[in-house]
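Before any comments, here is the structure.
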Amino acid sequence: MAILPILCYPDPRLHKVARPIAAVDDRIRTLVSDMLATMYDAHGIGLAATQVDVHERLVVIDVSEERNQPLVLINPELAWTSAEKHLNEEGCLSVPGIYDGVERFDAVHVRALDEQGQSRVIEADGLLAVCIQHEMDHLMGKVFVEYLSPLKRNRIKTKMVKQQRGARE
């Protein structure tokens, strides 16, 4: 298992739309393993392949307290969303240290393949539903800060660019 570099906002590669995965093979299973290792190493609860500069429809999630219940979603599609929405505080491994409110559906059903290529439907609410929606946004090239006002987004972009510049010096 390798720890992969995570792209940081405002990297333009975060805005690429991911393409469907044609076959769940050893390459994909290795990517799943590496993404889980990367997510756990970064103390995250979700990671989309887009964030590690792989533009394929793959998400890994683990919202368990023990960090031992990984969920793998290959080619995920929302099959149902609740009528109710709530504002939730979100953060992102690609926008470290930034948290803000984003409105999301309270509950979702998502259809996806697992790492064995088996089709499943996941019924999620609470934190898991928020995480699924957040990570699926990444697959569409959208970062959570894009839900914020242009003023907030520009402040975050400026802060992130300064942090990245400081890290390179």
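No experiment lies behind these values; they were computed from the predicted model shown.
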Hphob cluster co-occupancy, [X] + [Y], side-chain heavy atoms under 4.5 angstrom:
X	Y	result
Ile6	Val60	yes
Phe105	Leu139	yes
Val145	Leu14	yes
Leu47	Ile28	yes
Phe144	Val130	no

Derivation and outcome, salt bridge (charged side-chain N to carboxylate O under 4.0 Å, His left out), residues Arg27 and Glu56: CA-CA 12 Å; Arg27 179 185 70 85; Glu56 296 181 85; 2.9 Å; yes
Side-chain donor-acceptor distances from residues 115-122 under 3.5 Å, at least two apart:
none

Exceeds 12 heavy-atom contacts within 6.0 angstrom, atom CZ of Arg111: no
Glu89 atom CD, neighbour heavy-atom count above 12 within 6.0 Å: yes
Any residue meeting side-chain contact (heavy atoms from CB on, under 4.5 Å) with [X], in chain and number order, not counting sequence neighbours:
X	value
Asp34	Met1, Ala2, Leu4, Thr30
Leu87	Glu103
Ser64	Asp62, Glu66, Asn68, Gln69
Glu84	Ser82, Asp106

Do you know which two heavy atoms are closest between [X] and [Y], and how far apart they sit?
X	Y	answer
Ala49	Met35	N-CE, 3.3 Å
Arg13	Leu7	NH2-CD2, 3.1 Å
Ala107	Ala129	CA-CB, 4.2 Å
Thr50	Ala18	OG1-CB, 4.1 Å

By salt bridge (Lys or Arg N to Asp or Glu O under 4.0 Å), which residues pair with [X], not counting sequence neighbours?
X	answer
Lys159	none
Asp26	Arg29
Asp114	none

Are any of the side-chain heavy atoms of [X] and [Y] separated by less than 4.5 Å?
X	Y	answer
Asp53	Pro5	no
Leu71	Leu128	yes
Met160	Gln163	yes
Cys131	Arg104	no
Asn88	Val102	no
Val59	Ile132	no

Between atom [atom1] of [X] and atom [atom2] of [Y], what is the distance when rounded to the nearest 0.5 Å?
X	Y	atom1	atom2	answer
Glu123	His109	CD	NE2	3.5 Å
Leu148	Glu90	CG	CD	9.0 Å
Ile98	Lys157	CD1	NZ	13.5 Å
Leu93	Thr38	CG	OG1	9.5 Å

Under 3.5 Å, side chain of [X] to main-chain N/O of [Y], donor-acceptor pair present?
X	Y	result
Gln51	Ala48	yes
Arg57	Arg19	no
Glu146	Lys142	no
Asn154	Pro150	yes

Under 3.5 Å side-chain donor-acceptor pair for Tyr147 and Asp137: yes
What donor-acceptor contacts under 3.5 angstrom involve side-chain atoms of residues 72-81, with partners at least two apart or in another chain?
unit_1, atom_1, unit_2, atom_2, d
Asn75, OD1, Ile21, N, 2.7
Asn75, ND2, Ile21, O, 2.9

Stepwise side chain to side chain contact (heavy atoms under 4.5 Å, CB included) check, Leu36 with Met39: CA-CA 5 Å; Leu36 284 167; Met39 178 187 74; 3.9 Å; yes
Under 4.5 Å side-chain linkage, directly or through intermediates, the cluster mates of Val17: Met140
Pairs satisfying ring-ring contact (aromatic ring centres under 6.0 Å, His included), at least one member in residues 4-40, at least two apart: none
Test ring pair (Phe, Tyr, Trp, His ring centres under 6.0 Å) applied to His138 - qualifying residues, sequence neighbours left out: His134
